[in-house]
Amino acid sequence: MFCFQCQETAKGTGCTVRGVCGKLPETSRWMDLLLSVVRGVGTIYHSLLESGAEDDVTVDDFIIDALFATITNANFDDAALLAKVDTGIAIKKRLLNVAAERGLSLPDCQEVRWGGEKADYEAEGNRETVLREKDEDIRSLKETIVLGLKGMAAYYEHAARLGQRDAGIIRFMTEALAGITSPHATQGELLQLLLTTGKYGVDVMALLDKANTSAYGNPELTKVNIGVGKRPGILISGHDLHDIADLLEQTEGTGIDVYTHGEMLPAHYYPALKKYKHLVGNYGNAWWKQKEEFAHFNGPIVFTTNCIVPPSPTANYAGRVFTSNSTGYPGWKYIATKADGHKDFSEVIEMARHCAAPEEIEHGEIVGGFAHNQVFALADKVVEAVKSGAIRKFVVMSGCDGRMKSRNYYTEFAQTLPKDVVILTSGCAKYKYNKLPLGDINGIPRVLDAGQCNDSYSWAVVALKLKEIFGAADINDLPISFNIAWYEQKAVIVLLALLSLGVKNIHIGPTLPAFISPDVLKVLQEGFGLGTISTVDEDMKIMG
Ligand code: SF4
Ligand code: SF3
């Protein structure tokens with residue numbers, strides 16, 4: 001196996017024996033195979049669309065689901081991955097027939113040529129690894145693009161489930177898949193494609209923002225309980241708001257409480273979700289602490305997206321975990337989406353009835369809900385604080401959390417920032433500092449949480465608004481620094497989106513991605529001032 005897609009990759013270069021995340025070599029092979037099928041399907045579909053063929057939702061959904069399933073910590077279930085390969089091959093055959101009927105000549109590449117015989121799955125999976133591309137810089141560009149597409153697919157899936165689709169985004173994704181599949185793509189072409197990926201990253205985050213806010217209202221300032229109640233509970237993790245909406249509706253009046261975990265915390269900020277009294281609180285911290293924290297929850301746990309951590313063999317909760325959407329874990333029950341787009345959580349609810357209430361692991365409250373609309377509602381106060389000098393600076397600290405000790409940097413950074421600096425956050429990165437007593441500035445909390453990682457979009461919207469209010473010529477003239485923590489591939493699309501908006505001098509950490517080659521890094525440094533973190537003291541001089 002070879003996988004270098006996340007920040008925790010072995011030795012900072014690539015997992016070759018087994019994933020640090022727990023991914024086994026077989027699973028890695030089936031993911032490589034699935035990705036090669038997606039590249040094949042994407043390439044053929046792109047040619048068809050270019051020749052005037054109609055969009056096909058079945059193909060769109062396959063591309064989205066397959067890319068999403070290969071995101072770090074999303075799916076560890078070989079059978080589920082192979083079923084997706086089967087689906088992809090059936091789609092590919094159908095598209096090849098349509099292309100033949102239209103007399104279309106298709107690009108000549110392995111992904112299009114491969115016949116898809118089951119007997120060849122293993123050999124093809126072994127051949128189609130990241131290392132199939134020999135040139136380091138071309139490989140780097142192609143992989144960065146596909147990792148951005150994975151993040152884009154995750155956000156697109158959530159938006160589509162809420163009824164918001166965008167044919168332009170899908171068309172771009174097929175163009176990008178065809179681009180990275182081509183054996184003839186040049187460095188210049190791929191670099192252009194990479195930057196365009198960021199532009200569509202903005203579009204997909206805007207689409208999801210529209211989907212979430214039109215379904216559940218605009219996030220609003222909310223205090224979230226981090227303690228527990230006395231009734232049995234269901235813990236729901238991941239990013240899919242449609243799923244928690246279904247769960248809240250189905251658990252209402254049953255005597256069972258619902259708790260959010262990890263990236264589901266922002267569900268509490270949405271009016272149409274926070275209205276449920278039995279949405280009791282947020283349990284635990286970021287994804288990587290789940291093994292310890294789930295052991296105390298006592299009730300069923302539902303994963304709607306990544307990040308899953310493989311349980312230890314003696315885990316007391318292993319029989320109580322369910323997955324949905326693109327996620328999967330061998331031995332855990334999968335809850336399918338019904339034809340009407342909803343899920344039936346009755347088995348989860350029935351299980352909860354027989355469980356004890358959660359054990360309290362923390363006590364208190366956290367505050368969030370500062371997506372763009374709420375920040376604009378406070379705009380006068382914020383602008384006044386900036387003008388009076390009470391707020392001197394903003395630091396965007398969005399992104400992911402992870403288990404590396406070096407990430408304590410972010411806690412320390414937040415603690416060390418001068419008292420006139422406000423932290424703008426989103427994603428699970430916030431768990432490094434959202435429970436610290438960092439205080440407020442004239443009633444404005446010093447940590448403003450917009451929501452999930454995709455809600456980094458809110459900070460782009462806020463930055464553009466500030467630019468307008470203060471009449472700044474350039475977004476980079478504003479007193480805003482970007483200190484982004486990354487782990488998995490949604491952070492890749494967030495980063496590419498920020499670059500496409502013209503944001504310069506972004507610091508990403510705790511380490512630079514292994515998939516960025518030295519030459520590609522040089523281009524990003526020279527063009528965008530992209531860099532990594534150093535020590536808190538040193539970085540305070542630049543960003544504090
Ligand atoms: Fe390694 Fe990360 Fe890939 Fe898992 S996702 S195999 S930890 S690089
Ligand atoms: Fe976290 Fe997995 Fe990335 Fe949505 S839950 S930010 S790491």
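In listed order, ligands and their atoms are each counted from 1. Being a predicted model, the structure only gives us computed values, none of them experimental.
Of all the heavy atoms of His239, the ones lying under 4.0 Å from any atom of ligand 2 belong exclusively to the side chain.
The aromatic rings of His342 and His242 lie tilted to each other, with the angle between the two planes from 30° to 60°. Aromatic ring orientation, Trp332 versus Phe303: parallel (interplanar angle below 30°, classes split at 30° and 60°). Classified by interplanar angle (parallel below 30°, tilted 30° to 60°, perpendicular above 60°), the ring pair His158/His239 is parallel.
For residue Cys400, no N/O/S atom approaches atom 1 (Fe) of ligand 2 to within less than 2.8 Å.
Salt bridge present: Arg127 and Glu124 bring a charged side-chain N and a carboxylate O closer than 4.0 Å. Salt bridge Arg39/Glu111: present, at least one basic N to carboxylate O contact under 4.0 Å. Taking a cutoff of 4.0 Å between a charged side-chain nitrogen and a carboxylate oxygen, Asp61 and Arg165 qualify as a salt bridge.
Nearest protein neighbour of atom 5 (S) of ligand 2, counting heavy atoms only, is Glu263 CG, 3.6 Å. For atom 3 (Fe) of ligand 2, the nearest non-hydrogen atom of the protein is Glu488 OE2, 2.2 Å. Protein heavy atom closest to atom 1 (Fe) of ligand 2, with residue, atom name and distance, is Cys428 SG, 2.3 Å. For atom 2 (Fe) of ligand 2, the closest heavy atom belonging to the protein is Cys307 SG, 2.2 Å.
Under 2.8 Å from atom 4 (Fe) of ligand 1, one finds the following protein N/O/S atoms: Cys21 SG.
Within ligand 1, the atoms closer than 4.0 Å to a non-hydrogen atom of Phe4 are 8 (S), numbered from 1 in the order shown. Taking every non-hydrogen atom of Tyr487 and a distance limit under 4.0 Å, the qualifying atoms of ligand 2 come out as 7 (S).
Annotation: ring-ring contact (aromatic ring centres under 6.0 Å, His included) contacts of Tyr200 (sequence neighbours excluded): Phe172.
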- Message: Could you go through Lys343 and Asp246, starting from their C-alpha distance and side-chain angles, then the distance that decides it, and tell me whether this counts as salt bridge (charged side-chain N to carboxylate O under 4.0 Å, His left out)?
- Response: CA-CA 7 Å; Lys343 293 198 175 66; Asp246 274 351; over 6 Å; no
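Separation of the Tyr410 and Tyr433 ring centroids does not fall under the 6.0 Å cut-off. Ring centroid separation for the pair Trp459 and Phe482 does not come in under the 6.0 Å cut-off.
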